[in-house]
Chemist: 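Below is the structure I would like to discuss, written out as structure tokens.
As the structure is a prediction and not an experimental result, all values here were calculated from the model. Because only heavy atoms are used, hydrogens play no part in the values below, and waters and symmetry mates are left out as well, while side chains stay in.
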Amino acid sequence: MTATPLGTPPKPAGAFSAWEIGLALRYLRAKRKEGGVATIAIISFVGIMLAVAVLISVMSIMAGFRTELLGRMLSFNGHMYVQGEVLNAPNRDAIVDRLRGVEGVVSVSPLTESQALIIAGGQTTGGVVRGLRPEDLDTMQYVSSSLSPQAKASFGQGAYGGDNVLIGQALADQLGLRVGDPIQIYSPTGADSAFGNLGGLSKTYRVGGTYSSGTADYDRIFIFMPLEQAQLFFGKEGVWDVIEMKVANPDRVGEYIAPVRAAAGPAAFVQDWRDRLAAFWGALKVERVAMSIILGLVVAIAAMNIISGIVMLVKNKGRDIAILRTIGASPSSILRIFFMAGATIGVAGTLAGLTLGLLFCLNIGPIQHFLEAITGVQLFNADVYMLDAIPAEVDPVDVFWVAVWSLIMSCVASLPPSWNASRIDPVEALRYE
């Protein structure tokens, strides 16, 4: 058996062998006086870590915004709508039963909506009065869950229950109202009579309860009234404006259109929430794509710091490269050594960024409350952002692609200086050493 000459590296078992990995890690740990680039490596690591953490946090917050806003908007507006001649058909109750029997349909609610003026405490504001059946209150999750049991029990029940209305807490605060206070509602149309449409009717109701959906704009606008009372007050006796439906999976609402149309009949016009909220939905998608691209470029810029670190490392280790080449190391081995040195920074920064970003997203509520307690300032005003808390929803697919993008950029940044290192002529390097 032939002995290996002293100082000769063992014959590598293949690409990325143990001695190559060990030498790459040793170069990263080397002190400055030994020609190391530990400081630059740390700066590159921190840059990638922060960029990845910010990208994950922003993507998660945007996903949380999308889910929360869409959920609250659909709680008020429904997922599907049936309109047309079917609303006045003599068999409309049977049609409602057929719609309720469609697989995946959770609720079917006939309702009316009318604009009105709200007068209370010497103040006047506009609003939308929605008439619905008392049993349909539970279909609006955020409204129903915030109402007191007494408010839900009295809505539309008893001799005076029909005169109770439900208003948002934001509207109650604006007008200085409490439960039991009178509120005057002015109808611009009024009811029909033998002399024609009376128009300009007003009536005083009682605040039967207040709800807080977490969406200040809706809380300030919508007033809920029993369906029969709303029909009578707005001159729509026996009339439905729309049949509102909710389905099990609103993201796949397109799958329900055909069976709903079949159940509603040819005289029905069927829409889904994507039609009514098309502008909002399109804006969310465009914003998400734009922010992903911008923050992806931030990760790429942070990864570019690796280039300067590896360039300086190659310059400082020119003598080592020449010696390795003279004792048998191939150019590809040199390329892999410095490539692994740069990629290691990217991998470590990516893992640390993933951990930091996930911890931030999973604890965003306590972090918000802590900052508010320290600063004494409400960081997330529901009047401005439509929500009363910062939402965050971690999407595993987003996390995966952020990690992949960061690793790709780190590898791309490590490749050019590593390629230059592999092309160094050992004779020229040793001559100047």
Chemist: Test of understanding: with side-chain contact (heavy atoms from CB on, under 4.5 Å), list the residues that count as partners of Asn420, not counting sequence neighbours.
Modeler: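 Result, side-chain contact (heavy atoms from CB on, under 4.5 Å) vs Asn420: none returned.
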Chemist: Minimum heavy-atom separation for Ala230 and Gly131, please, with both atom names.
Modeler: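 Answer, listing the atom of Ala230 first, then Gly131: CB-CA, 3.7 Å.
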Chemist: To the nearest 0.5 Å, how far apart are CZ in Phe339 and OG in Ser332?
Modeler: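 Result: 13.5 Å between the selected atoms.
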Chemist: Drop me the distance from Asp163's CG to Ile183's CD1, to the nearest 0.5 angstrom.
Modeler: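 These two atoms lie 13.0 Å from each other.
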Chemist: Do you know the tightest heavy-atom contact between Ala120 and Leu177?
Modeler: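 For Ala120 and Leu177, the tightest heavy-atom pair comes out as CB-CD2, 3.8 Å.
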Chemist: Do the ring planes of Phe222 and Tyr218 sit parallel (below 30°), tilted (30 to 60°) or perpendicular (above 60°)?
Modeler: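 Rings of Phe222 and Tyr218: perpendicular, over 60°.
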Chemist: With rounding to the nearest 0.5 angstrom, report the CG to NZ distance, Leu227 to Lys236.
Modeler: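 Answer for the CG-NZ pair, Leu227 versus Lys236, is 10.5 Å.
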Chemist: Does the Ser406 side chain pair with the main chain of Val402, one donor and one acceptor, at a distance under 3.5 Å?
Modeler: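 The answer is no, because no donor-acceptor pair under 3.5 Å joins these two groups.
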Chemist: Side chains of Val253 and Met80: closer than 4.5 Å at any heavy-atom pair?
Modeler: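 Touching, per the 4.5 Å side-chain cut-off.
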Chemist: Please output the side-chain donor-acceptor pairs of residues 40-49 that fall under 3.5 Å, not counting sequence neighbours, one pair per line with the distance.
Modeler:
unit_1: Ser44; atom_1: OG; unit_2: Ile40; atom_2: O; d: 3.0
unit_1: Ser44; atom_1: OG; unit_2: Asn305; atom_2: O; d: 3.3

Chemist: Applying the side chain to side chain contact (heavy atoms under 4.5 Å, CB included) test to Ile167, which of Asp219, Val179, Thr210 qualifies?
Modeler: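 That would be Thr210.
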Chemist: Is the backbone of Leu335 close enough, under 3.5 Å, to the side chain of Ser422 for a donor and an acceptor to pair up by distance?
Modeler: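 No, the answer is negative, given that no donor and acceptor are paired below the 3.5 Å cut-off.
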Chemist: Find out whether Leu55 and Val298 are in side-chain contact, i.e. whether some heavy atom of one side chain is under 4.5 Å from a heavy atom of the other.
Modeler: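 SC-SC contact between Leu55 and Val298 ruled out.
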Chemist: Run Lys246 and Gln141 through side chain to side chain donor-acceptor pair (under 3.5 Å) and show every step you take.
Modeler: CA-CA 11 Å; Lys246 288 186 171 63; Gln141 172 190 353; over 6 Å; no
Chemist: Does any non-hydrogen side-chain atom of Val299 lie less than 4.5 Å from one of Val54?
Modeler: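 With C-beta onward as the side chain, the pair stays apart.
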Chemist: Once you round to the nearest 0.5 Å, how far does CG of Leu295 lie from CD1 of Ile56?
Modeler: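 Going from CG on Leu295 over to CD1 on Ile56, the span is 11.5 Å.
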Chemist: Is it the case that the side chain of Thr67 and the backbone of Ala63 share a donor-acceptor pair, with hydrogens and angles ignored and the cut-off at 3.5 Å?
Modeler: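 Yes, because the side chain of Thr67 sits within donor-acceptor range (under 3.5 Å) of the backbone of Ala63.
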Chemist: With no hydrogens and no angle check, is any side-chain donor or acceptor of His79 less than 3.5 Å from a backbone partner on Pro250?
Modeler: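 No, His79 side chain to Pro250 backbone: no donor-acceptor pair under 3.5 Å.
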Chemist: Enumerate the residue pairs fulfilling salt bridge (charged side-chain N to carboxylate O under 4.0 Å, His left out) with a member in residues 394-423, sequence neighbours excluded, ordered by first and then second residue.
Modeler: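 Counting only pairs at least two positions apart or across chains, the salt bridge (charged side-chain N to carboxylate O under 4.0 Å, His left out) contacts touching residues 394-423 are Arg288-Asp398.
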Chemist: Do Glu287 and Arg66 come within less than 4.5 Å of each other through their side chains, counting heavy atoms only?
Modeler: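 When only atoms from C-beta onward are counted, Arg66 and Glu287 do not touch, as no gap falls below 4.5 Å.
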Chemist: Could you work out, with side-chain hydrogen bond (donor to acceptor under 3.5 Å, both in side chains) as the rule, every residue matching Asp275, not counting sequence neighbours?
Modeler: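 Residues passing side-chain hydrogen bond (donor to acceptor under 3.5 Å, both in side chains) with Asp275: none at all.
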Chemist: Just jot down the ring-ring contact (aromatic ring centres under 6.0 Å, His included) partners of Trp273, sequence neighbours excluded, or say none.
Modeler: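 Partners of Trp273 by the ring-ring contact (aromatic ring centres under 6.0 Å, His included) criterion, ordered by chain and then number, come out as Trp281.
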Chemist: Got a second to check how far Glu113's CD is from Phe234's CZ, nearest 0.5 Å?
Modeler: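 So the gap between those two atoms works out to 10.5 Å.
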Chemist: Closer than 3.5 angstrom, by distance alone: can the side chain of Ser414 be matched with the main-chain N or O of Ala343 as a donor-acceptor pair?
Modeler: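 Flag set: sc Ser414 to bb Ala343 pair under 3.5 Å.
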Chemist: Considering only heavy atoms from C-beta outward, does the side chain of Ile306 approach that of Ser410 to under 4.5 Å?
Modeler: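 A side-chain contact under 4.5 Å exists here.
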Chemist: Arg206 vs Asp181, test: salt bridge (Lys or Arg N to Asp or Glu O under 4.0 Å). Steps then yes/no.
Modeler: CA-CA 6 Å; Arg206 284 196 315 148; Asp181 288 347; over 6 Å; no
Chemist: What closest approach, in Å, do Gln271 and Gln83 show between heavy atoms, and which atom pair accounts for it?
Modeler: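 The answer is OE1-OE1, 3.7 Å.
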Chemist: Kindly determine whether Glu393 and Ser60 satisfy side chain to side chain donor-acceptor pair (under 3.5 Å), including the steps that lead there.
Modeler: CA-CA 5 Å; Glu393 180 179 330; Ser60 299; over 6 Å; no
Chemist: Determine, stepwise, if the pair Asp241 / Thr112 fulfils side chain to side chain donor-acceptor pair (under 3.5 Å).
Modeler: CA-CA 5 Å; Asp241 289 336; Thr112 64; 4.6 Å; no
Chemist: Please evaluate residues Tyr142 and Tyr211 with respect to the criterion side-chain contact (heavy atoms from CB on, under 4.5 Å), reporting the C-alpha separation (whole Å), side-chain torsions for both, the decisive distance (0.1 Å), and the verdict.
Modeler: CA-CA 8 Å; Tyr142 295 101; Tyr211 65 87; over 6 Å; no
Chemist: Give the intermediate values and the outcome of side chain to side chain donor-acceptor pair (under 3.5 Å) for residues Thr204 and Gln184.
Modeler: CA-CA 4 Å; Thr204 300; Gln184 187 177 4; 5.1 Å; no
Chemist: Can you find a heavy atom in the side chain of Tyr205 that is under 4.5 Å from one in the side chain of Asn164?
Modeler: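 The answer is no; the side chains never approach within 4.5 Å.
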Chemist: Find out whether Trp419 and Phe338 are in side-chain contact, i.e. whether some heavy atom of one side chain is under 4.5 Å from a heavy atom of the other.
Modeler: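 SC-SC contact between Trp419 and Phe338 ruled out.
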Chemist: What pairs with Arg261 under salt bridge (Lys or Arg N to Asp or Glu O under 4.0 Å), at least two apart in sequence or on another chain?
Modeler: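 Testing Arg261 for salt bridge (Lys or Arg N to Asp or Glu O under 4.0 Å), a comparison that skips the adjacent residues, returns none.
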Chemist: In terms of heavy-atom contacts, does CD of Glu237 have more than 12 from other residues, nucleotides or ligands at under 6.0 Å?
Modeler: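 Counting neighbours around CD of Glu237, 12 or fewer heavy atoms of other residues, nucleotides or ligands fall under 6.0 Å, so no.
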Chemist: At what distance, to the nearest 0.5 angstrom, does CE of Met225 lie from CG of Leu111?
Modeler: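 Taking CE in Met225 and CG in Leu111, the distance rounds to 13.5 Å.
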Chemist: So, are Arg100 and Asp93 salt-bridged, with charged N and O less than 4.0 Å apart?
Modeler: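 Salt bridge between Arg100 and Asp93, a charged N being under 4.0 Å from a carboxylate O: no.
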Chemist: What pair of heavy atoms forms the shortest contact from Val86 to Ala268, and how long is it?
Modeler: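 Distance-wise, the nearest heavy atoms are CG1-CB, 3.9 Å.
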Chemist: Are side-chain heavy atoms of Lys152 and Ser148 found at a separation under 4.5 Å?
Modeler: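 No. Closest side-chain heavy atoms not under 4.5 Å.
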Chemist: For a quick test of reading the model, state the closest non-hydrogen atom pair linking Val242 to Val82 and the distance between them.
Modeler: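 For Val242 versus Val82, the nearest heavy atoms are CG2-O, 3.6 Å.
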Chemist: Verify the neighbour count for atom CD of Gln115: are there more than 12 heavy atoms of other residues, nucleotides or ligands below 6.0 Å?
Modeler: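 No, because the 6.0 Å sphere around CD of Gln115 holds 12 heavy atoms or fewer from other groups.
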Chemist: Before we go on, tell me: are the rings of Tyr81 and Phe269 under 6.0 Å apart, centre to centre?
Modeler: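 Distance test on ring centres: not under 6.0 Å, no.
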Chemist: Can you name the one residue among Thr125, Ile118, Val128 that meets side chain to side chain contact (heavy atoms under 4.5 Å, CB included) with Ile221?
Modeler: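 Checked Thr125, Ile118, Val128 against Ile221; only one passes side chain to side chain contact (heavy atoms under 4.5 Å, CB included): Val128.
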Chemist: Could you tell me which non-hydrogen atom of Ala116 sits nearest to which non-hydrogen atom of Ile185, and how far apart they are?
Modeler: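 Taking every non-hydrogen atom into account, CB-CG2, 3.8 Å.
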Chemist: Please lay out, stage by stage, how Gln169 and Arg220 fare under the test side-chain contact (heavy atoms from CB on, under 4.5 Å).
Modeler: CA-CA 7 Å; Gln169 186 61 52; Arg220 193 176 292 110; over 6 Å; no
Chemist: Is the closest side-chain donor-acceptor distance between Ser109 and Ser107 under 3.5 Å?
Modeler: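 The criterion, which ignores hydrogens and geometry beyond distance, is not satisfied for Ser107 and Ser109.
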Chemist: Can you list the steps and then say if Phe224 with Met140 is a side-chain contact (heavy atoms from CB on, under 4.5 Å)?
Modeler: CA-CA 11 Å; Phe224 296 102; Met140 294 182 293; 3.5 Å; yes
